[in-house]
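Here the structure is laid out as structure tokens; the discussion comes afterwards.
We number each residue from 1, following the sequence as shown.
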Amino acid sequence: MNTTYFKYLLLPAALLSTVSFAQGLDDEDAAQKVKVAFRSVPQEDLLGGVSVLDYEELAAKNNNTYSLDNMQGYVSGFNGASLWGQTDYLVLVDGVPRDADNVKPDEIAQVTFMKGAQAVVLYGSRAAKGVILITTKRGNDQDLQIKVSANTGWNVAKSFPEYLGAAEYMTLYNEALVNDGYAKKYSDETIYNTYAGVNPYRYPDINLYSSDYLKKAYNRSEVVAEFRGGAKRTHYYTNIGYQRSGDNLDYGNTKDDYTDRLNVRGNVDMQISDMISAFVDANVTFYSARSASNTDFWVLPVRCVPTVW
């Protein structure tokens, strides 16, 4: 089964303000600013309960596949699933509520973790359990810069669980029934034929974690192109990325399963006058996937045991 769908976000250029908070700053001053609701403020002006991470600096040293990957190693109080003990925290991408997995690590400039009264004041009651504010990259005052990067890797399972075979399971199950004063459920003939592999259809012994059903490894590759630059009054940034990931299943048509992701993100910042600035943000994400079945592979029993009628 092939499926294709896309998500998009467009903020029109009509978003104007009479005061420009970030425009006109040099690169050093801008780096010391922290993005919050509708503006940027110096980090030292923020109250407690705020952690700020320079994601671009982090990405230069470590390759992440998910926007919040490994954040628990840099931010206290965040363990990947909860923020200061709260699981229902608010995630904002450039001020818009979105899923954290809809923005790629190579698109991110800064991530801010907020909690307490300050988060509620800025973002309302929805932020009572904390806010994770993801700020994407933007253009700057420089000539056009083009950056192209590619990554590929193989996902290899460290280990798979080991289960009893069908014959061993039936033997131990019968022993447990006898110990509790009940009659055996499986006959000696059934157990023997299953162990001997006489008829794998009538006496099945299927291990879904074996190499018959799972690959030893599958590939994940991506390529990203970034375009950044601008002049005194106009800055621009564009990110185009393509990602393809395989699947761990290796049974029937599932061996050809895959997931494709194509994303295009761009923004333009304009300094119309000393008192008026404007910006345009756009993001489109396309997903294409091939799946051999809509059912969950793992709903099947890990070991298939003959049913006694």
Is it true that the side chains of [X] and [Y] contain a donor and an acceptor less than 3.5 Å apart?
X: N64; Y: N62; value: yes
X: N193; Y: Y203; value: yes
X: R228; Y: Y237; value: no
X: D257; Y: T254; value: no
X: T234; Y: D269; value: no
X: T190; Y: D188; value: no
X: N263; Y: E107; value: yes
X: D250; Y: Y218; value: no

Nearest 0.5 angstrom please: [X] [atom1] to [Y] [atom2], how far?
X: Q72; Y: N70; atom1: CD; atom2: CG; value: 6.0 Å
X: Y287; Y: Q243; atom1: OH; atom2: CD; value: 8.5 Å
X: N248; Y: K255; atom1: CG; atom2: NZ; value: 13.5 Å
X: S277; Y: I272; atom1: OG; atom2: CD1; value: 7.5 Å
X: K215; Y: W154; atom1: NZ; atom2: CH2; value: 8.5 Å
X: D54; Y: E56; atom1: CG; atom2: CD; value: 6.5 Å

Counting only heavy atoms not in [X] (residues, nucleotides, ligands), do more than 12 fall under 6.0 Å from its [atom1]?
X: Y195; atom1: OH; answer: no
X: D88; atom1: CG; answer: yes
X: Y66; atom1: OH; answer: yes

Would you please name every residue forming a salt bridge (Lys or Arg N to Asp or Glu O under 4.0 Å) with E57, sequence neighbours left out? K61

Any side-chain heavy-atom pair of [X] and [Y] under 4.5 Å:
X: T285; Y: R261; value: yes
X: F113; Y: L83; value: yes
X: I191; Y: N174; value: yes
X: H235; Y: N267; value: no
X: L92; Y: I134; value: no
X: T238; Y: R265; value: no
X: M71; Y: L58; value: yes

Please verify the inter-ring angle class for Y209 with Y163; under 30° counts as parallel, over 60° as perpendicular, anything in between as tilted. parallel

What are the two closest non-hydrogen atoms of [X] and [Y], and how far apart are they?
X: G230; Y: D141; value: O-OD1, 3.7 Å
X: T194; Y: P204; value: CG2-O, 4.0 Å
X: N79; Y: S82; value: OD1-N, 2.7 Å

Under-4.0 Å salt bridge between [X] and [Y]:
X: K137; Y: E226; value: yes
X: E222; Y: K104; value: yes
X: D281; Y: R138; value: yes

Can you check side-chain contact (heavy atoms from CB on, under 4.5 Å) on V178 and E175, steps first, answer last? CA-CA 5 Å; V178 172; E175 290 182 7; 5.8 Å; no

If you group Ile, Leu, Val, Met, Phe, Trp and Tyr by side-chain heavy-atom gaps below 4.5 Å, do [X] and [Y] land in one group?
X: V284; Y: V268; value: yes
X: V264; Y: I146; value: yes
X: Y74; Y: V103; value: yes
X: Y236; Y: V280; value: yes
X: L177; Y: Y186; value: yes

Do any N or O atoms from the side chain of [X] and from the backbone of [Y] form a donor-acceptor pair under 3.5 angstrom?
X: S67; Y: A100; result: yes
X: D247; Y: L249; result: yes
X: D205; Y: A167; result: no
X: R233; Y: Q271; result: yes
X: D94; Y: T136; result: yes
X: D99; Y: N102; result: no

Might you work through the side-chain contact (heavy atoms from CB on, under 4.5 Å) test for I240 and V224, ending with a clear yes or no? CA-CA 6 Å; I240 302 174; V224 178; over 6 Å; no

May I ask you to establish whether R244 and Y258 are in a cation-pi arrangement, using a distance under 6.0 Å from NZ or CZ to the six-membered ring centre and at most 45° from the ring axis? yes

Please determine whether side-chain contact (heavy atoms from CB on, under 4.5 Å) holds for the pair I132 and V111, giving the CA-CA distance in whole Å, both sets of side-chain angles, and the decisive distance to 0.1 Å. CA-CA 7 Å; I132 297 179; V111 181; 3.9 Å; yes

Evaluation steps, side-chain contact (heavy atoms from CB on, under 4.5 Å), between F227 and L144: CA-CA 7 Å; F227 306 86; L144 172 63; 4.3 Å; yes

Do N219 and T152 pass the side chain to side chain donor-acceptor pair (under 3.5 Å) test, and can you show the C-alpha distance, the side-chain angles, and the key distance before you say yes or no? CA-CA 7 Å; N219 180 257; T152 187; 3.0 Å; yes

